[in-house]
Structure formats: structure tokens, C-alpha cells
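Each remark here refers to the structure printed beneath this line.
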Amino acid sequence: MFGKLVLLFILVPMADLFLLMVLSSYTGWPFSITMVVLSGIVGAWLAKRSYKSVLNKFRSSAINQQLSTELLTDGALIFFAGGLLLTPGFITDTVGLTLLIPRCRRWYKARLTQWFKRNFKFQMVPLDGQREMFETESFETGVVDGEVLQPPLPSSQRLER
């Protein structure tokens with residue numbers, strides 16, 4: 001895995017540099033550099049807009065106590081897109097810009113989910129004293145009975161910040 005990452009970090013910048021050199025031989029350096037800078041500016045604007053949209057959805061779902069892994073994944077992919085857009089080059093900018101388009105992002109998420117399912121095994125491990133919770137049918141259905149061990153303090157006893 002480490003070797004693949006090293007190759008990725010070497011080959012992608014080399015391909016970006018090669019593409020930039022080829023394009024600049026046809027259009028000239030000023031145009032090529034301008035295109036890289038403009039794609040970075042447009043990408044930064046789109047990333048900020050996408051980030052705010054996902055953050056607002058995340059906040060509203062948190063208020064409704066319905067947190068979604070979809071929103072967390074969207075946020076991570078938007079963050080990754082921002083990193084790609086900071087890297088000068090047409091390949092990284094293209095991938096970064098496509099990550100900011102919701103329809104394309106869904107495609108990337110589907111491929112990423114398939115990769116994780118293929119390469120990782122997820123399981124829940126019970127903590128000491130909680131084994132009986134994992135052995136009941138209610139755990140498999142997603143319904144778990146619980147008790148409040150310490151009720152919240154009345155508002156008159158809470159510390160003011």
C-alpha cells in the first residue's frame with residue numbers, strides 16, 4: 001500500500017507537469033499559468049460554497065438528531081477537493097472540481113464505499129459488562145433499551161459560561 005502511495009505522489013505531479021508543458025507549447029506559458037490560477041480560484045469559490053451547503057445541512061440534521069454519514073463523507077470529499085485544487089496542475093484541478101459537483105461526488109462515494117467494503121472488515125466489539133447487549137435480538141434490529149444514569153442538572157444549577 002505504501003509503495004502505491006509513493007507512486008501516486010510521484011506520478012500524478014509528473015503527469016500534471018507534463019500536461020502543463022504540452023499545453024504551454026501550444027498556447028504559451030502565460031495562458032497555461034492563467035488557466036491553472038483561474039481553475040484554482042473557481043475551485044476555491046466552489047469548495048467554499050459546497051462546504052457551507054454541507055455544513056448547513058449537517059447543522060440542521062444535528063438539531064433534528066439525525067446525523068448522516070453521507071454528510072460527513074461529503075465534507076471529507078470537499079476537504080480533499082480543496083487540497084487537490086491547491087495543487088497546481090490540470091489533472092488535480094479536474095479531479096478536485098469534479099469532487100465539488102454533487103452528482104460526481106455521489107459517483108466517487110459509491111466507488112469509495114465499494115473499495116472500503118472490499119478492503120476492510122468492520123465489526124463492533126462489546127465493552128466489558130456489555131456483552132449481554134450484543135447477544136440480544138434488539139441489537140440486531142437497531143433498537144437498544146437504555147437507562148439514564150445521571151439526569152441533567154436543572155437550569156438553575158448549570159454553570160454560566
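Considering only residues two or more places apart in sequence or on other chains, Thr27 meets the side chain to side chain donor-acceptor pair (under 3.5 Å) condition with Ser32. Ser60 is linked by a side chain to side chain donor-acceptor pair (under 3.5 Å) to nothing, counting only residues two or more places apart in sequence or in another chain. For the side chain to side chain contact (heavy atoms under 4.5 Å, CB included) test, residues two or more places apart in sequence or in another chain that qualify with Leu55 are Tyr51, Arg59. In terms of the side chain to side chain contact (heavy atoms under 4.5 Å, CB included) criterion, residue partners of Leu38 (sequence neighbours excluded) are, by chain and number, Thr34. The side chain to side chain contact (heavy atoms under 4.5 Å, CB included) test applied to Pro88 returns Val36, not counting sequence neighbours. In this structure, the side chain to side chain contact (heavy atoms under 4.5 Å, CB included) partners of Arg118, at least two apart in sequence or on a different chain, are Gln114, Trp115.
Nearest heavy-atom pair, Leu100 versus Ala81, reported as atom, atom and distance to 0.1 Å: CD2-CB, 3.8 Å.
Taking Ile, Leu, Val, Met, Phe, Trp and Tyr as hydrophobic and joining them when side-chain heavy atoms fall under 4.5 Å apart, one finds Val22 in a cluster with Phe18, Tyr26. Hydrophobic cluster membership for Leu7: Leu11 (Ile, Leu, Val, Met, Phe, Trp, Tyr linked by side-chain heavy atoms under 4.5 Å, directly or transitively).
Evaluation of the salt bridge (charged side-chain N to carboxylate O under 4.0 Å, His left out) test over residues 72-93, restricted to residues two or more places apart or in two chains, returns Asp74-Arg105, Asp74-Lys109. Sequence neighbours left out, not one pair with a member in residues 11-22 passes salt bridge (charged side-chain N to carboxylate O under 4.0 Å, His left out). Judged as a side-chain hydrogen bond (donor to acceptor under 3.5 Å, both in side chains), the pairs with a partner in residues 94-103 (not counting sequence neighbours) are, in order, Thr98-Tyr108.
Atom CZ of Phe90 is surrounded by more than 12 heavy atoms from other residues, nucleotides or ligands within 6.0 Å.
Looking at heavy atoms from C-beta onward, Arg106 lies in side-chain contact with Pro102 at the 4.5 angstrom threshold.
Looking at Thr92, its side chain does come within 3.5 Å of a backbone N or O of Thr87 through a donor-acceptor pair.
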